[in-house]
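These notes are about the structure you will find just below.
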Amino acid sequence: MNTTSYRHSLTQLFTRHLMHASMPGLMPSGPATSRSPATQAHSRLPEALVERLLRQEEQRGVRPRGLPIATFSAPQPAAHRAATYSYPIHIERASIDALPSSAGVYIFRGANDMPLYVGRSVNLRSRVLAHLHNHEEEMLVRQTRRIEFRRTAGELGAALLENSLVRDLQPLHNKKPRQKRCLFTLRLSQTGQPLAAQVAERDFSRAENLFGIFASERAAQEALQKLVEQHGLCSIATGLEQSEGEGMACFGRQIRRCRGACTGEESHEQHQERLMQAMEELRILPWPYEGVMGIVEEYDGWRQVHVIDHWRYLGSLDDQHRQLLPRPAASCKGFDLDSYKTVIRPFLLGQLDLHPLPGLKLPAQA
């Protein structure tokens, strides 16, 4: 028997009994005066059942002894919660009231304007109020003194701006971007074999035939191993396994995963073609332009231009901001993986409105 549904049925039965007793004329069975004594006797809830129900409620911690059972426990509507919500008095109320119901980035600021948390949303007001209602974020709310926001013309601009602000401000409650001392990738040897190699950050946006970005050589090897398993490639031909002799089968061939490049059942050309197709999903696309480009994003008559150079987001321009703002020097160096991940998919799908920005003055480094 489903104990949960049974327990609920007991509660409903007990509730109906109480309602019959207190409001007999409002129940579907009609007024109490029209009921016979036999019907009234059958309508009584057995005392043993009542005691059993009360014990179950006490064991579940639903009601302390002596208090009535709570029968209306459904959550209140969102509009009611918003109307009755008591805003934290230590947070500047004007900064909450000013939040728009549009896309952008918000910054929780603490004492001395310390950046505590940076987030983004397509509806800034709704998202920030969700933070304030969330009991699990009590520490963040308790430390907050005001909430700053920066509107964007769309979701893409919000994602780019959030990444740059987390890097620039290093907020206390955001996950810190890991400082990578060195990066690794997969690149092809002269014989076409994929090898893990250390690459300077600046080369990721310029060099050809780089596949994937990894924090360690081991991570690069594991990614290659996954490709070999998923696409039925040969672990000997890809350098993951040493050959014990010419024509000897690799482990994958022994368990019927490899198609036989190691034993000559698949030609080197066929295997190489399949290898390149598999690695294509990891390919790092070099910056395909001569200079700085702008991604145009518009919403409700507002036009923003997000400035990108070698896949790095440099800032946004609009009618109020006609030049890029200075940024910390550390934020303007190396390969910006976050910007690359944000932009590359819509770029490859042809969804970006890109325009060259000749003569644009790049931001100074603060």
Side-chain angles (χ1 to χ4, degrees), residues 82 85-180 297 299 302 304-309 312-334 336-339 342 361-366:
Y85 177 68
S86 178
Y87 291 92
I89 60 175
H90 63 278
I91 299 179
E92 182 183 295
R93 181 60 186 268
S95 69
I96 300 177
D97 293 339
L99 291 167
S101 299
S102 56
V105 172
Y106 56 92
I107 306 171
F108 280 64
R109 297 275 188 178
N112 300 319
D113 239 19
M114 175 187 293
L116 301 175
Y117 182 78
V118 173
R120 74 172 190 271
S121 178
V122 294
N123 187 323
L124 287 168
R125 182 170 188 81
S126 176
R127 185 71 187 94
V128 169
L129 291 182
H131 279 292
L132 300 182
H133 283 79
N134 191 345
H135 294 294
E136 296 181 359
E137 300 184 38
E138 182 180 355
M139 180 177 293
L140 171 62
V141 174
R142 188 168 62 247
Q143 294 175 335
T144 301
R145 295 297 175 266
R146 73 179 183 93
I147 300 168
E148 177 185 337
F149 73 90
R150 302 184 190 182
R151 284 189 59 201
T152 62
E155 192 171 357
L156 177 68
L160 290 169
L161 180 58
E162 180 195 33
N163 291 333
S164 69
L165 287 176
V166 169
R167 184 185 294 267
D168 293 354
L169 300 178
Q170 297 286 301
L172 184 63
H173 290 272
N174 283 89
K175 182 179 179 180
K176 299 293 186 295
R178 185 166 58 180
Q179 301 297 324
K180 301 180 179 64
E297 194 172 30
Y299 173 75
W302 181 30
Q304 267 192 320
V305 179
H306 311 305
V307 181
I308 306 289
D309 183 31
R312 174 174 288 277
Y313 171 69
L314 301 179
S316 297
L317 304 173
D318 55 27
D319 291 337
Q320 293 183 349
H321 302 91
R322 297 180 178 273
Q323 63 182 15
L324 297 174
L325 300 176
R327 295 186 61 192
S331 300
C332 299
K333 294 180 180 179
D336 189 351
L337 181 58
D338 292 325
S339 294
T342 302
K361 184 179 179 181
L362 296 182
Q365 297 179 1

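In this chain, numbering begins with 1 at the start of the sequence shown. In what follows, every heavy atom counts, from backbone to side chain, and hydrogens, waters and symmetry copies are set aside.
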Quiz prompt | Test item: side-chain donor near acceptor, His131 and Tyr106, under 3.5 Å | solution = yes
Exercise. Side-chain contact test, heavy atoms from C-beta onward, threshold under 4.5 Å: evaluate it for Lys361 versus Gln323 and give yes or no.
Key: no
Quiz item: Where do His90 and Thr144 come nearest, in terms of heavy atoms and distance?
Solution: CD2-O, 3.0 Å
Quiz item: Crowded around Tyr299 OH? As in, over 12 foreign heavy atoms under 6.0 Å?
Solution: no
Quiz item: Is the backbone of Gly157 close enough, under 3.5 Å, to the side chain of Glu297 for a donor and an acceptor to pair up by distance?
Solution: yes
Quiz prompt | Selection residues 108-131 - residue pairs positive for salt bridge (Lys or Arg N to Asp or Glu O under 4.0 Å), sequence neighbours left out | solution = Arg109-Glu148, Asp113-Arg146, Arg120-Glu162
Exercise. Give the C-alpha distance, both sets of side-chain angles, the deciding distance and a yes or no for side-chain contact (heavy atoms from CB on, under 4.5 Å) between Val128 and Phe108.
Key: CA-CA 9 Å; Val128 169; Phe108 280 64; 4.1 Å; yes
Exercise. Side-chain contact test, heavy atoms from C-beta onward, threshold under 4.5 Å: evaluate it for Ile96 versus Leu129 and give yes or no.
Key: yes
Self-check item: Distance, nearest 0.5 Å, that separates CG of Leu132 from OH of Tyr87
Solution: 8.0 Å
Exercise. Please list, chain by chain and in numerical order, all residues satisfying salt bridge (Lys or Arg N to Asp or Glu O under 4.0 Å) with Asp97, sequence neighbours excluded.
Key: Arg93
Quiz item: Below 4.5 Å, heavy atoms only, C-beta onward: do Glu92 and Arg145 meet side chain to side chain?
Solution: no
Practice problem: Check Val122, Leu160, Leu161, Asp318 against Thr152 for a side chain to side chain contact (heavy atoms under 4.5 Å, CB included) and give me the one that passes. | Solution: Leu161
Quiz item: Distance from Met114 atom CE to Gln170 atom CD, nearest 0.5 Å?
Solution: 13.0 Å
Self-check item: Exercise: identify the closest heavy-atom pair between Ser102 and Arg151
Solution: OG-NE, 3.1 Å
Self-check item: Pairwise distance OG(Ser339) to CG(Asp309) - rounded to 0.5 angstrom
Solution: 11.0 Å
Quiz item: Do Asn163 side-chain atoms and Ala159 backbone N/O form a donor-acceptor pair below 3.5 Å?
Solution: yes
Quiz item: Tell me, do Ile91 and Val141 make a side-chain contact under 4.5 Å, heavy atoms counted?
Solution: yes
Exercise. Go through the structure and list residues passing side chain to side chain contact (heavy atoms under 4.5 Å, CB included) with Asn134, not counting sequence neighbours.
Key: Glu136, Glu137
Quiz item: Between Tyr117 and Ile147, is any pair of side-chain heavy atoms under 4.5 Å apart?
Solution: no
Exercise. Rounded to the nearest 0.5 Å, what's the gap from CG on Leu317 to CG on Leu325? Could you check?
Key: 9.0 Å
Practice problem: Would you name the heavy atoms of Pro171 and Leu165 that are closest together and state the gap between them? | Solution: CD-O, 4.4 Å
Quiz item: Between Asn123 and Ser126, do the side chains contain an N or O donor and an N or O acceptor separated by less than 3.5 Å?
Solution: no
